[in-house]
Amino acid sequence: MKISVLTLGCKVNQTESSMIESALKKTGHEIVNISNSPDICVINTCTVTLKSDYHSRQLIRKANRAGARVYVTGCYSELNEALVKEMKGVEAVIQNRKKLDIISILSPNMLYNALDYETCSRSRFFVKVQDGCNNSCSYCSIPMARGSSRSIEPETILKQINNAVASGYKEIVLTGIHLGMYGKDFNEHMRLSDLLTKILNGSKINRIRLSSLEINELDEPLIELMQDSRICNHLHIPLQSGSKKTLRLMNRQYTPEHFREKIEIIYKKFTGISIGTDVIVGFPGELESEFHETHDMLEQLPFSYIHIFPFSERPNTKASIMPDKIISTVKKTRVQKLNELNKQKKSKYMTSQIGKTLQTLIENKTYNDKCIGTTSNYLKIHIPINTNLCGTLLLVRVEGVKNNTLFGSPIII
């Protein structure tokens, strides 16, 4: 059969979809774009914001219009199962915890190895090491959709990574809904640093990238391990707000002062590190002065990029019933101000890389005979290489910035 796998949301969703897509391909199905008249569409939904809910429903309708039988999974359908089941064309809704059962549903009696898969990127291999979340942030519905934190056994993770190395991948990305909680559900507690040590010692992977981590989970062992040259010089650490009051209402377990101190320690320890962050704008009760606290903190700290989200009310969360909601026009104005700051931050960081030599993973070829790659510190760079070197690591000298992207020349081909 012709099958299309459509994905919204986080890197964990992307990784799970890659596992489903790869297994279905290996069991004889043809993986196609939705425009190529698929027999079946698998839709992996997201519910992190109101917009994500809308896009999830939109994809389901699009798949039905394409004439496909629709199988829906992911966080949106987990929390809205009855509504999704009633949508036209939906054949079944599969729970998050049983997401990989889609493979056996569509390929009954056919053998496959769930550890042997390819990811959506031909150059970077995404490894899901953890699922679920034990936090109770007042604005977030993901713990309701994903459940409590659960870690994958390190032996399973190592097998996946070594299979990826054998297939030619040079970079892995460790993903999780709450990555920093890795191992704490095991009888003998492990930390993320313990898993990283096992990966460094037990595999020959060239480059390891960490997805989002909470500030409280960046402990000394993890920071020390990051000095290993195989671990990317990049961290993504959500701030969410620079206001002490707002962080308390969000039920975030740190203060602005603690966040600031830890970021400054990391920045001093790792030369040229890229640190990205997330911010929620217009949380209920956020005064103009508290927004300015967030703006000033973002301005003062050495972030290389900022992901900005206007507050989106999630059903059945504590924040959804909080008073003093911020009107949309105020949220929009605040988002615009932070977008301007983000442009300045990104430009300043990219400009600071001119003249440096960066290890770069070649990801694909562009239309103008240039390859595009991702540096260790998470920047896109165009390189004038005429051959397809996708998946290789090169040292590239940064020569300038154009259209929000670096450009440079390889040191050796």
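Scanning all heavy atoms of the two residues, the minimum distance from T294 to S241 falls at OG1-OG, 3.5 Å. Considering all non-hydrogen atoms of both residues, G74 and N96 come closest at CA-OD1, 3.3 Å. Summarising the geometry of L158 relative to I199, their closest heavy-atom pair is CD2-CA, 3.9 Å, with the distance given to 0.1 Å. Contact detail for S56 and T45: the closest heavy-atom pair is OG-CB, 3.4 Å. In this structure, R150 and G132 approach most closely via the heavy-atom pair NH1-CA, 4.2 Å. Between T175 and S211 the shortest heavy-atom distance is CA-OG, 3.4 Å.
At a threshold of 4.5 Å between non-hydrogen side-chain atoms, the residues L222 and L213 count as touching. Within the 4.5 Å cutoff, side-chain heavy atoms of M250 are placed close to those of F283. Two residues are said to be in side-chain contact when any heavy atoms from C-beta on lie closer than 4.5 Å; V70 and I43 meet this criterion.
The distance from atom CG of N134 to atom CD1 of I177, rounded to the nearest 0.5 Å, is 12.5 Å. In this structure, CD1 on I306 lies 9.0 Å from CG on L239, to the nearest 0.5 angstrom. The distance from the OH atom of Y71 to the CD atom of E91 is 4.0 Å, given to the nearest 0.5 Å. Residue D53 holds its CG atom at 10.5 Å from SG of C75, rounded to the nearest 0.5 Å. Note that the CG atom of L218 and the CD1 atom of I237 stand 5.0 Å from one another [nearest 0.5 Å]. S107 OG to I20 CD1: the interatomic distance, rounded to the nearest 0.5 Å, is 11.5 Å.
In this structure, Y378 has its ring center under 6.0 Å from that of H234.
Inspection of the D39 and H29 side chains reveals no N or O donor paired with an N or O acceptor under 3.5 Å. If you check the side chains of S18 and T15, you find no donor sitting under 3.5 Å from an acceptor. Side-chain contact of S17 with N44: a donor-acceptor pair under 3.5 Å is present, judged by distance alone. Side-chain contact, N13 with K99: a donor N or O sits under 3.5 Å from an acceptor N or O. Looking at R314 and S320, their side chains never bring a donor and an acceptor atom within 3.5 Å of each other. A donor-acceptor contact under 3.5 angstrom links the side chains of D185 and S151, judged on distance only. Side-chain polar atoms of Q253 and N251 form a donor-acceptor pair below 3.5 angstrom. With hydrogens and angles left out, the side-chain atoms of H178 and E217 include a donor and acceptor closer than 3.5 Å. Judged by distance alone, the side chains of S123 and E171 never bring a donor and an acceptor atom under 3.5 Å apart. For D278 and H236, the side-chain atoms include at least one donor-acceptor pair closer than 3.5 Å.
Between F259 and F303, the ring planes lie tilted relative to each other; the angle falls in the 30° to 60° range. Using cut-offs of 30° and 60° on the angle between ring planes, the pair H292 and H295 is perpendicular.
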Give the intermediate values and the outcome of salt bridge (Lys or Arg N to Asp or Glu O under 4.0 Å) for residues E30 and K2.
CA-CA 5 Å; E30 182 185 359; K2 294 195 293 183; 5.7 Å; no
Working note: M226 + L235, criterion side-chain contact (heavy atoms from CB on, under 4.5 Å); need CA distance, chi angles, decisive distance, verdict.
CA-CA 10 Å; M226 283 196 61; L235 285 170; 3.7 Å; yes
Applying side chain to side chain donor-acceptor pair (under 3.5 Å) to Q95 and T73, what does each step give before you reach the verdict?
CA-CA 6 Å; Q95 293 179 338; T73 187; over 6 Å; no
Could you give me the CA-CA distance, side-chain angles and deciding distance for F311 and T49, then say whether side-chain contact (heavy atoms from CB on, under 4.5 Å) is met?
CA-CA 8 Å; F311 171 73; T49 64; over 6 Å; no
With side-chain contact (heavy atoms from CB on, under 4.5 Å) as the test, would you mind laying out the steps for M144 and N316 before giving the verdict?
CA-CA 9 Å; M144 291 183 271; N316 302 314; 4.2 Å; yes
Could you check K337 against E340 for salt bridge (Lys or Arg N to Asp or Glu O under 4.0 Å), going step by step and ending with a plain yes or no?
CA-CA 5 Å; K337 288 179 180 177; E340 286 303 312; over 6 Å; no
Can you check side-chain contact (heavy atoms from CB on, under 4.5 Å) on K318 and Y139, steps first, answer last?
CA-CA 7 Å; K318 289 182 180 179; Y139 53 83; over 6 Å; no
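For Y54, the OH atom sits in a loose shell: 12 or fewer heavy atoms of surrounding residues, nucleotides or ligands are nearer than 6.0 Å. Environment of NZ in K356: crowded, with over 12 heavy atoms of neighbouring residues, nucleotides or ligands closer than 6.0 Å. Around NZ of K198, the count of heavy atoms belonging to other residues, nucleotides or ligands within 6.0 Å does not exceed 12. For E257, the CD atom is densely surrounded, since the number of other residues' heavy atoms within 6.0 Å is greater than 12.
No donor-acceptor pair closer than 3.5 Å links the side chain of K170 to the backbone N or O of L361. No donor-acceptor pair under 3.5 Å is formed between the side chain of T7 and the backbone N or O of Q14. The backbone N or O of C137 sits nowhere less than 3.5 Å from a side-chain atom of N135 that would complete a donor-acceptor pair. Between the side chain of S4 and the backbone N or O of V32, at least one donor-acceptor pair lies under 3.5 Å. Judged by distance alone, the side chain of H382 and the main-chain N or O of F407 form no donor-acceptor pair under 3.5 Å. Not a single donor-acceptor pair under 3.5 Å links the side chain of S376 to the backbone N or O of C232. Using modelled atom types, no side-chain atom of S347 and backbone atom of Q344 make a donor-acceptor pair closer than 3.5 Å. A donor-acceptor pair under 3.5 Å is absent between the side-chain atoms of S22 and the main chain of M19, judged by distance alone. A donor-acceptor contact shorter than 3.5 Å is absent between the side chain of K204 and the backbone of N162. A donor-acceptor pair under 3.5 Å links the side-chain atoms of N80 to the main chain of Y76, judged by distance alone.
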Could you tabulate the donor-acceptor pairs under 3.5 Å formed by side-chain atoms of residues 267-275, not counting sequence neighbours?
| from | atom 1 | to | atom 2 | distance (Å) |
| --- | --- | --- | --- | --- |
| K269 | NZ | E224 | OE2 | 3.4 |
| S274 | OG | S304 | OG | 2.6 |
| S274 | OG | N377 | O | 3.4 |

Result block: side-chain N/O donor-acceptor pairs under 3.5 angstrom for residues 59-67, not counting sequence neighbours:
none

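Test T375, N404, T374, T405 against K380 for side chain to side chain donor-acceptor pair (under 3.5 Å) and you get one pass: T374.
One finds a salt bridge joining E81 and K85 here, because a Lys/Arg side-chain nitrogen approaches an Asp/Glu carboxylate oxygen to under 4.0 Å. Ion pair R252/E214 flagged as a salt bridge, since at least one NZ, NE, NH1 or NH2 atom sits closer than 4.0 Å to an Asp/Glu carboxylate oxygen.
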